[in-house]
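Just so we're on the same page: letters track the sequence lines, and every chain starts at 1.
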There are 2 protein chains.
Amino acid sequence: MQRPTVNDIAKEAGVSLATVDRVLNARPGVRARTVVRVNEAIERLGYVRDVAAANLARRRSYRVAFVLPDSRTSFMQALRGAIESAAGLAAFDRTAARIVTVAAFDPTATVRALAGLDGVDGVALMAPETPQVRDAIGRLAQAGTPVVALVSDQPNSARNRFVGINNLAAGRTAAQLVGRFARRPDPTVVVVAGSMMARDQMERRLGFDETMLRFFPGATILPSIEGRDDSDVVAQRLAEALAAHPRVDALYALGAGHRGLVHTLAALGLAGRITVVAHELTPAARAALEDGTIDAVITQDVGHIARSTLRVLRAAIDGTPLDPGQEQIRIEILLRENLPPAG
Amino acid sequence: MQRPTVNDIAKEAGVSLATVDRVLNARPGVRARTVVRVNEAIERLGYVRDVAAANLARRRSYRVAFVLPDSRTSFMQALRGAIESAAGLAAFDRTAARIVTVAAFDPTATVRALAGLDGVDGVALMAPETPQVRDAIGRLAQAGTPVVALVSDQPNSARNRFVGINNLAAGRTAAQLVGRFARRPDPTVVVVAGSMMARDQMERRLGFDETMLRFFPGATILPSIEGRDDSDVVAQRLAEALAAHPRVDALYALGAGHRGLVHTLAALGLAGRITVVAHELTPAARAALEDGTIDAVITQDVGHIARSTLRVLRAAIDGTPLDPGQEQIRIEILLRENLPPAG
DNA sequence: TGCGAAATGAGGGGCGTACCTCAGAAAAGC
DNA sequence: GCTTTTCTGAGGTACGCCCCTCATTTCGCA
């Protein structure tokens, strides 16, 4: 009992192959009555189109472009690496991915990059949300090119989908961890902000404040530090803040610059004595988690993001269904104990 | 600039199509020198075999069997559901999965089921570890049928791979959460054991004890409760234990029976007053997490397990490479704040 | 040097689908 | 009734690869 093919449908429906083909591919020139008969036959036989064969015949290939900021944080490096690796394996499925790098925080450059994409069937974009970018996404969508927003969402745009975590929820999770892990019931907390993707960090901050206020109303949250996602800046400003407030119990790092943070804590002899929750599993964060400087890391799996993006784009390109559970990017909480193996 | 095909390789290497084919499919009858030339051409052109076309021509389909215990815990139901759903989507990739149910804890029945599989290209097995089962796996492997162990490992067997989490690490993670979330520094802890898969629960217990001893040496761990993975049993024995030890601070549930646990805590007015860490995101656990009865859930994504198993088996069947990162099942920590959307 | 064996070339048929053309049949309009 | 339009059938070619057969060439070795 092999799976049925177009030929079986033709026989079952009592029509010719050509007609079945017309119905399957929604080509004109078939009476409504006949369409129904064919569809009934398809139903009866449980026919599922062989996508592989179809794509072969269509000689379709998927050309996908990733438009990413030229930021050099560990997270971005990891993301780029994950995309390259996922693209390497996707080559087996006739998918070719290209990475286009754009000056961070430069909407004009981003728009130019988006407009300059030629011969591309789908686009993944990580960029701050601005009106110009939103319009550029609209133009791509208009032209039938699906667009997914990566890591930082582009709401109110014509993007097909967002691949990334809910940063509001991530911030809430961080708050719960900070509040519960802190040694004192009414902790004093320092927030180290970054800047990179304005939107996601803002959302994390919002969620953090909300949950702190609700569950740990006795906590004191000091004015946040602008670390600019730069380890040196983080190191210096954090040192200043800790000098000014000797009784800090916890640290929440919602941006990049883990190396600077770790460095300052070690220098002040505070490693392991202050509760630290940070975002993204960078090499520095992993090491700090292992030696106890950082207590918990909240992260999104860049490998998952890369693979999910490719799947989502492919599905959008040829209208295949998706498994929603598979595309849900998790807000992962990592302690020293559940750290996945390196590499 | 299309991607190169076998014809391009033939031209580039200065050999015929037949020879390229022999090399690609490792068929005999090609001089070593020629093999090298062909491989160089492949390298030079960056050829990647079109797996879809290859499988089409081979008219290969993947018939996979899942051998599962007939246990009716929520976790098993979720796992079955995930497998069915993954199998539904895998139909597009000419993969047909079948679920074979076997009496739990019956090695003979398991062995019989494994031996009775006909016309199957790969097997996924979830069963307690026994010598008979190990031998049955060996026979399958001997016959060239890849086997993966699901959820509970079968070490020292000829299984191709284990798809599931490191339960030792999961137990350690639970200990860290219990120790840190408990309201008292030297908490009294009750462990609710199950029984289902002897091996994984034992490992969790080991990891839990190890980490409690190391990081929270002041903690008191009471004799564990044998819940038999049954809500009614859990409910009753837990009530007895809590009556006997009124000063319990934390609960670690490493098996099934969440409904019973929640019920007893509610009945005693202890919901939200005792720190509770449990395994697996069942509907009861989700609800308890949301209303604060359970503080943290440690879980493994059944959808991921199902999909990963199918990918691993397919890769084993036709020798395709795998993305190791993609097949790493995470030890997920879920709080109320980072609960993935239901469904 | 010649011989058998090994290596290679040439070609065909097929997998399940897409897409094209052209002739003929059925339906619609007058 | 007729013509005109709309449907339908038949058949071919192609996609990239697998697998088979049957010559023909090249090689290793006595």
Side-chain angles (χ1 to χ4, degrees), chain A residues 1-39 41-42 45-63 90-96 317-320, chain B residues 1-39 41-42 45-62 91-96 317-320:
Chain A
M1 193 57 183
Q2 294 293 333
R3 55 186 270 174
T5 74
V6 276
N7 282 293
D8 300 323
I9 300 178
K11 251 177 272 168
E12 176 78 13
V15 300
S16 77
L17 205 71
T19 300
V20 173
D21 180 68
R22 291 184 184 109
V23 172
L24 276 177
N25 295 291
R27 264 187 278 277
V30 185
R31 233 180 322 171
R33 260 192 8 237
T34 316
V35 173
V36 170
R37 266 170 55 206
V38 171
N39 281 326
I42 290 177
L45 296 181
Y47 169 82
V48 227
R49 187 206 227 96
D50 185 328
V51 196
N55 284 341
L56 177 59
R58 259 192 210 112
R59 74 198 82 171
R60 160 173 296 170
S61 68
Y62 308 83
R63 290 155 307 169
F92 288 101
D93 300 324
R94 49 182 52 221
T95 300
I317 290 169
D318 56 29
T320 321
Chain B
M1 189 63 173
Q2 293 293 332
R3 54 186 270 171
T5 75
V6 276
N7 281 294
D8 301 323
I9 300 177
K11 251 176 275 169
E12 176 78 12
V15 299
S16 76
L17 206 70
T19 300
V20 173
D21 180 68
R22 290 182 184 111
V23 172
L24 277 177
N25 296 291
R27 266 187 276 276
V30 185
R31 234 181 323 171
R33 259 195 3 241
T34 315
V35 173
V36 170
R37 264 170 56 205
V38 171
N39 281 328
I42 290 178
L45 296 181
Y47 169 82
V48 228
R49 187 204 224 101
D50 184 330
V51 193
N55 283 341
L56 178 60
R58 257 190 212 116
R59 90 197 74 164
R60 160 173 294 169
S61 67
Y62 307 84
F92 288 101
D93 300 326
R94 46 185 57 221
T95 300
I317 290 169
D318 56 28
T320 322

Here the gap from Leu17(A) atom CG to Thr5(A) atom OG1, rounded to the nearest 0.5 Å, amounts to 8.0 Å
Looking only at heavy atoms, the pair that brings Leu56(B) and Ala53(A) closest together is CD2-CB, 3.8 Å
Would you say dG9(C) has OP1 or OP2 under 4.0 Å from some side-chain N or O of Thr19(B)?
yes
When rounded to whole Å, the NZ to P distance for the pair Lys11(A) and dA10(D) reads 13 Å
A correct 5'-to-3' footprint of nucleotides 14-20 of chain C, with B, S and - meaning base, sugar-phosphate only and no protein heavy atom under 4.0 Å, is BBBBSB-
For Arg49(B) and Leu24(B), the nearest pair of non-hydrogen atoms, with its separation, is NH2-O, 3.5 Å
Correct closest heavy-atom pair for Ala52(B) and Ala52(A) would be CB-CB, 3.7 Å
Between CZ of Arg60(A) and P of dG16(D) the distance, given in whole Å, is 15 Å
Closest heavy-atom pair, Glu12(B) versus Ala41(B), reported as atoms and distance to 0.1 Å, is CG-CB, 3.6 Å
Comparing nearest nucleotides in DNA chain C, the 5'-proximal residue of the pair Gly29(B), Arg31(A) is Gly29(B)
When rounded to the nearest 0.5 Å, the distance separating OG1 of Thr34(A) from CZ of Arg22(A) is 10.5 Å
